[in-house]
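Computed from a prediction, not measured in an experiment: that's the story for all the values here. Chain identifiers are assigned alphabetically (A, B, ...) following the order of the sequence lines, protein sequences preceding nucleic acid strands; residue numbering begins at 1 within each chain.
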Number of protein chains: 2
Amino acid sequence: MSKVLTIGRLAEATGTSVETIRFYEKSGILPSPARTDGNYRSYEPAHLNRLSFIRRARELGFSLDQVKELLRLSDDRSQSCAAVDDIAKLHRTEVERKISDLLSLKTELDRIIDTCRCGTVADCRIIESLSPADAARSEGDVTA
Amino acid sequence: MSKVLTIGRLAEATGTSVETIRFYEKSGILPSPARTDGNYRSYEPAHLNRLSFIRRARELGFSLDQVKELLRLSDDRSQSCAAVDDIAKLHRTEVERKISDLLSLKTELDRIIDTCRCGTVADCRIIESLSPADAARSEGDVTA
DNA sequence: GTTAGACCCCGTAGTCACTATGGGGTTGAG
DNA sequence: CTCAACCCCATAGTGACTACGGGGTCTAAC
Ligand SMILES: [Zn+2]
Ligand SMILES: [Zn+2]
Ligand SMILES: [Zn+2]
Ligand SMILES: [Zn+2]
């Protein structure tokens, strides 16, 4: 069993955890490899390539479904790459939207945090910003 | 039952779904209200305020655990707001890190997407960028 | 009075991409 | 032979909901 590409060695080679590799197999994104006499998984170089592809795409934020589709498309090497481009561009759009959302969020957090004069909770601008505008302090406090 | 603040009205008033309100109650972040004869939840104004606080904090990206802590701190109104500030600043740091990660990601997606000449999959720069550098095309293709 | 529809109840399972736990079998070196 | 390191599998947990299924309740029109 010295030259066999075990799950541990594949994990090491791709920077993936063993559990994640088994999870990919169960998810159907990484094909089931052959087994040794002792029922250990025995991977081929093709598995290493495929797993590297998956990990790289995941690093770039593609969902597992998108990765599946990219892998499927990459099998049909003579076809137009338009479908590939579509997936990538859609993903980029989502990333741009997330960035824009987070930037607005940061602006708001900055505004809230910077107005706090560091007194008591009663005067805290952060708590105040979170509380509903018409929360009468006498009754109907935020505490239910 | 005309003036009772039912779960549906509370949902309407706060822009929350009924299921989410029940989920908040089960999570222990929104206290269990009284029940009517027909076993319907009957909310007080304090519930409305508390739920508004929760929704606002969630909009700002605080986790439910952070919201719980913010609510706990906001009960002790004579205390220093330092702990509140800590939570908010920690959250802001996390948001900044996410923005920075997504910006690098977008840069890389731009680089990958813009090099594609829109030919066949065999020539697609996107697929190429995802494939491992030393994937010999003859054998050990990305297809396992 | 009854029936239709809108509302409410509860528990459970599903989402996403893993991660963790537990209890066992296999391998390789000393 | 023993022991650690590795591997197997199934199940449950994460966060913050969302969806589903199978019922009970309320109101108003007929
Ligand atoms: Zn402060
Ligand atoms: Zn403060
Ligand atoms: Zn193209
Ligand atoms: Zn392309």
With sequence neighbours excluded, what pairs up with [X] under the salt bridge (Lys or Arg N to Asp or Glu O under 4.0 Å) test?
| X | value |
| --- | --- |
| Arg35(A) | none |
| Asp37(B) | none |
| Asp110(A) | Lys106(A), Arg92(B) |

Specify the separation, in whole Å, of atom [atom1] of [X] and atom [atom2] of [N].
| X | N | atom1 | atom2 | answer |
| --- | --- | --- | --- | --- |
| Glu25(B) | dC17(D) | CD | P | 15 Å |
| Glu19(B) | dG21(D) | CD | C1' | 13 Å |
| Asp37(A) | dG28(C) | CG | P | 11 Å |
| Ile54(B) | dC17(D) | CD1 | C1' | 14 Å |
| Glu12(B) | dC7(C) | CD | C1' | 13 Å |
| Leu51(B) | dA16(D) | CG | P | 15 Å |
| Leu10(B) | dC8(C) | CG | P | 10 Å |
| Arg9(A) | dG28(C) | CZ | C1' | 11 Å |

Write out a two-atom table: protein N or O, nucleotide N or O from nucleotides 9-11 of chain C, distance below 3.5 Å.
| from | atom 1 | to | atom 2 | distance (Å) |
| --- | --- | --- | --- | --- |
| dC9(C) | OP1 | Arg41(B) | N | 2.8 |
| dC9(C) | OP1 | Arg41(B) | NH1 | 2.9 |
| dC9(C) | OP2 | Arg22(B) | NH1 | 2.7 |
| dC9(C) | OP2 | Arg41(B) | NH1 | 3.3 |
| dC9(C) | O5' | Arg41(B) | NH1 | 3.4 |
| dC9(C) | O3' | Arg35(B) | NH1 | 3.3 |
| dC10(C) | OP1 | Arg35(B) | NH1 | 3.3 |
| dC10(C) | OP1 | Arg35(B) | NH2 | 2.8 |
| dC10(C) | OP2 | Arg41(B) | NH1 | 2.9 |
| dC10(C) | OP2 | Arg41(B) | NH2 | 2.6 |

Distance test, side-chain N/O of Thr20(B) to OP1/OP2 of dT18(D), below 4.0 Å: yes
Of all pairs that satisfy ring pair (Phe, Tyr, Trp, His ring centres under 6.0 Å), the ones with a partner from residues 112-133 of chain B, not counting sequence neighbours: none
Residue pairs involving residues 66-119 of chain B (criterion ring pair (Phe, Tyr, Trp, His ring centres under 6.0 Å); sequence neighbours excluded): Phe62(B)-His91(B)
Heavy-atom side-chain proximity of Ile112(B) to Leu60(A) below 4.5 angstrom: yes
Residue pair Ile113(B) / Asp85(A), side-chain heavy-atom distance below 4.5 Å: no
Sequence-distant partners of Phe23(B), ring pair (Phe, Tyr, Trp, His ring centres under 6.0 Å), two or more places apart: none
Non-neighbouring partners of Tyr24(B) that pass ring pair (Phe, Tyr, Trp, His ring centres under 6.0 Å), sequence neighbours left out: none
Protein-nucleic acid N or O pairs under 3.5 Å, nucleotides 14-17 of chain C:
| from | atom 1 | to | atom 2 | distance (Å) |
| --- | --- | --- | --- | --- |
| dA17(C) | OP1 | Leu64(A) | N | 3.2 |
| dA17(C) | O3' | Arg58(A) | NH2 | 3.4 |

Qualifying salt bridge (Lys or Arg N to Asp or Glu O under 4.0 Å) pairs with a residue from residues 14-32 of chain A, counting only residues at least two apart or across chains: Glu25(A)-Arg41(A)
Residue pairs involving residues 53-65 of chain A (criterion salt bridge (Lys or Arg N to Asp or Glu O under 4.0 Å); sequence neighbours excluded): Arg56(A)-Glu59(A), Arg56(A)-Glu108(B)
Degree of bending in the helix from dG1(C)-dC30(D) to dG30(C)-dC1(D) once both end axes are built from five pairs, to 10°: 30°
